[in-house]
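Okay, so here's the structure we're looking at.
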Amino acid sequence: MAQINFGGVEENVVTREEFPLEKAREVLKDETIAVIGYGVQGPGQSLNLRDNGFRVIVGQRKGSKSWDKAVADGWVPGETLFEIEEAAERGTIIQYLLSDAGQIAVWPTIKKHLTPGKALYFSHGFGITYKERTGIVPPADVDVILIAPKGSGTSLRRMFLQGRGLNSSYAVFQDATGRAMERVIALGIGVGSGYLFETDFQREVYSDLTGERGTLMGAIQGIFAAQYDTLRAHGHTPSEAFNETIEELTQSLMPLVAENGMDWMYANCSTTAQRGALDWWKRFRDATKPVFEELYESVRSGNEAQISIDSNSKPDYRTKLNEELREMRESEMWQAGAVVRKLRPENN
């Protein structure tokens with residue numbers, strides 16, 4: 001573990017150079033990693049662990065679409081694929097990767113198999129941070145740890161297959177065995193993290209919920225829609241509005257930001273673009289800062305967690321979700337996007 005300076009602030013970071021895969025395998029050589037859930041994070045993490053040489057099994061409800069997907073991915077029923085309860089019983093490390101609502105529902109089944117010395121692993125701090133609301137209170141004699149990849153399981157797997165890594169945060173909530181730290185770091189390396197940075201369960205969930213509702217998903221969709229609608233209202237075509245709002249950002253500018261930072265992206269744009277961006281960015285910051293403060297307070301108070309628990313637990317949740325996603329998908333902006341994507345050279 002090394003201390004790295006991030007803009008004047010020292011943070012604990014673990015890289016693959018200082019904690020190589022061989023060391024991770026040695027730490028976990030006697031462990032059976034039971035990945036519970038095969039939805040968003042389960043496939044990417046379990047497949048990466050398997051390909052990296054760890055002993056992995058998957059627990060999923062038999063007869064579900066996710067069970068069938070696991071079989072298609074090479075997990076063998078009765079050998080490496082089991083019903084959730086059997087997998088939890090067999091595992092020495094239980095990676096609890098169900099949805100937040102799913103974790104609440106299945107918790108009684110998981111808890112009875114958390115025997116002394118096992119490790120309970122999360123990729124989100126939700127269940128533990130809001131334990132008064134979720135009822136997820138682990139026994140005192142197990143390790144409780146977290147690896148949270150900063151992206152979807154799909155991205156984690158895709159980058160792994162490209163020989164790259166998705167950065168992840170790590171945390172130890174409870175160290176019952178004295179091995180929690182080496183276990184969590186080894187798992188972080190095993191799932192294919194680029195580097196690992198330290199957090200705690202509360203900070204992880206506060207930043208994650210804020211990010212998802214903010215720049216990662218909610219705010220970016222809102223900004224896209226506002227600019228697109230403004231351009232359309234002033235007579236610009238759907239193609240022009242979409243290209244100027246989304247396509248240029250995602251296909252041209254964001255790769256430059258990812259490569260060397262925002263200032264480097266500015267330096268590689270026209271002087272007119274530079275001047276305009278420098279003149280306007282603080283106005284957008286000042287306009288949206290109150291919204292982000294309101295959002296963060298809603299997260300900190302537990303209001304966002306309760307909204308998620310209430311809505312995700314309803315029997316018609318999936319139907320309503322699909323309807324809201326359909327509304328977005330069928331909007332003119334994203335219909336234009338579908339056409340633009342088909343016109344990209346790699347698709348022709």
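The number of heavy atoms from other shown groups lying within 6.0 Å of CZ (Arg158) does not exceed 12. More than 12 heavy atoms of other shown residues, nucleotides or ligands fall within 6.0 angstrom of atom CD in Glu10. Gln162 CD: more than 12 foreign heavy atoms inside a 6.0 Å radius. Annotation for Met254: atom CE counts as buried by contact number, over 12 foreign heavy atoms lying within 6.0 Å.
Under 4.0 Å is where a charged nitrogen must lie from a carboxylate oxygen, and between Arg179 and Glu31 at least one such pair does. For Lys320 and Glu323, the salt-bridge test fails: no basic side-chain N is under 4.0 Å from an acidic carboxylate O. Between Arg157 and Asp73 no salt bridge is recorded (no basic side-chain N to carboxylate O distance below 4.0 Å). Contact check on Arg61 versus Glu83 returns no salt bridge, with no Lys/Arg side-chain nitrogen under 4.0 Å from an Asp/Glu carboxylate oxygen. At a threshold of 4.0 Å, the pair Asp286-Lys282 does not count as salt-bridged, since none of the basic side-chain nitrogens sits closer than that to a carboxylate oxygen. Taking 4.0 Å as the cut-off between side-chain N and carboxylate O, Glu247 and Arg344 count as a salt-bridged pair.
The distance between the ring centers of Phe126 and Tyr130 falls below 6.0 angstrom.
The shortest distance between side-chain heavy atoms of Asn322 and Arg318 falls below 4.5 Å. Phe122 has its side chain within reach of Val144: a pair of non-hydrogen atoms, C-beta onward, lies under 4.5 Å apart. Between Leu249 and Phe224, the closest side-chain pair of non-hydrogen atoms falls below 4.5 Å.
Remark: the Glu85 side chain and the Thr109 side chain contain no N/O donor-acceptor pair separated by less than 3.5 Å. A donor-acceptor pair shorter than 3.5 Å can be found between the side chains of Ser155 and Ser152. The closest side-chain donor-acceptor pair between Thr245 and Gln227 falls under 3.5 angstrom. For the residue pair Tyr121/Gln45, the side-chain donor-acceptor check at 3.5 Å is satisfied.
The structure places CG of Asp208 at 5.0 Å from NZ of Lys150, a figure rounded to the nearest 0.5 Å. Atom OG of Ser298 is separated from atom CD of Glu293 by 13.0 Å, given to the nearest 0.5 angstrom.
Note that Lys314 lies outside the cation-pi zone of Tyr317, set by a 6.0 Å cut-off to the ring centre and a 45° limit from the axis. Both tests hold for Arg50 against Trp75: distance to the six-membered ring centre under 6.0 Å, angle to the ring axis within 45°.
In the hydrophobic cluster analysis, where Ile, Leu, Val, Met, Phe, Trp and Tyr join through side-chain heavy atoms closer than 4.5 angstrom, Val27 is grouped together with Ile93.
Between the Gln103 side chain and the Tyr96 main chain, a donor and an acceptor come within less than 3.5 Å of each other.
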